[in-house]
Amino acid sequence: MKKVAALCGSFRHGSYNQALLDAAIERAPDGLVIEQVDIRGFPFFSQDLEAEPPTAIRAAKASIQTADCVLLVSPEYDYGVPGYLKNAVDWLGRPFGDRTLVGRPMALLGASSGYMGTIRGQLHWRQSWYFFRAPVFSEAELTVSYAADAFDQEGRLVSETYIANLDHYLATLLDWLQRDCSPPR
Ligand SMILES: Cc1cc2nc3c(=O)[nH]c(=O)nc-3n(C[C@H](O)[C@H](O)[C@H](O)COP(=O)(O)O)c2cc1C
């Protein structure tokens, strides 16, 4: 069994990214379990606080430390990453030398109301994972564009194209993790 610790980059009521993560949790194939890590209680990061982090940060770190992979399900803000999720990642990587994210494989998903999905934001996340010296999943990529058309009013993924893409993405992610993140044969 491979475990994925997922972080959602939006806590907006009706968030498309949360809806996409919910779909991924529901559609995870046998052998893959996706568990959402709660980051809503994280305060703004300050180095004044990092020596004794709040309970929410310690709980999130403990969950990630038992995971084979971190999954960031992130909106794109201003062609970059949303501060809410960047703040969480900054906490999870500190204090300097903390091993929670170092070397931990990472995968990306995202949904956007626009036509480019979140591909520019995903490239920014890849840059950050370079710092953590960890492999980033690339065998499949998935961004949901024009998200209003892909989800119904209850936040269910209803686009058959994206459902098929998500199933392919998750199966390929599991295969990648089972190969210890090695390149395709
Ligand atoms: C501050 C801000 C910046 C945004 N910048 C982008 C952007 O650069 N690219 C994009 O595709 N959508 C952008 N959007 C639109 C988001 O894709 C849209 O608000 C989306 O619903 C956010 O994800 P959520 O539904 O999970 O909250 C932006 C939205 C906000 C509020």
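Along the sequence shown, residues carry numbers from 1. First listed ligand is number 1; within each ligand, the first listed atom is number 1.
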Contact residues of ligand 1 (heavy atom under 4.0 Å), by chain and number: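 Protein residues near ligand 1 are Ser10, Arg12, Ser15, Tyr16, Asn17, Pro75, Glu76, Tyr77, Asp78, Tyr79, Ser112, Ser113, Gly117, Arg120.
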
Glu52, CD: over 12 other non-hydrogen atoms inside 6.0 angstrom: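 Not buried by this count: 12 neighbours or fewer within 6.0 Å.
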
Under 3.5 Å donor-acceptor, Asp98 side chain and Gly93 backbone: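 No; judged by distance alone, with no hydrogens or angles, the pair does not exist.
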
Residue pair Val73 / Gln36, side-chain heavy-atom distance below 4.5 Å: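 In short, these two side chains do not touch, never coming nearer than 4.5 Å.
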
Contact check, side chains of Trp91 and Ile39, non-hydrogen atoms, under 4.5 Å: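 Trp91 does not reach Ile39 side chain to side chain.
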
Plane angle bin for Phe96 and Phe131 - parallel if under 30°, tilted between 30 and 60°, otherwise perpendicular: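 Plane angle between 30° and 60°, so tilted.
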
Tyr77/Tyr84 aromatic ring centres below 6.0 Å: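 No, ring centres 6.0 Å or more apart.
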
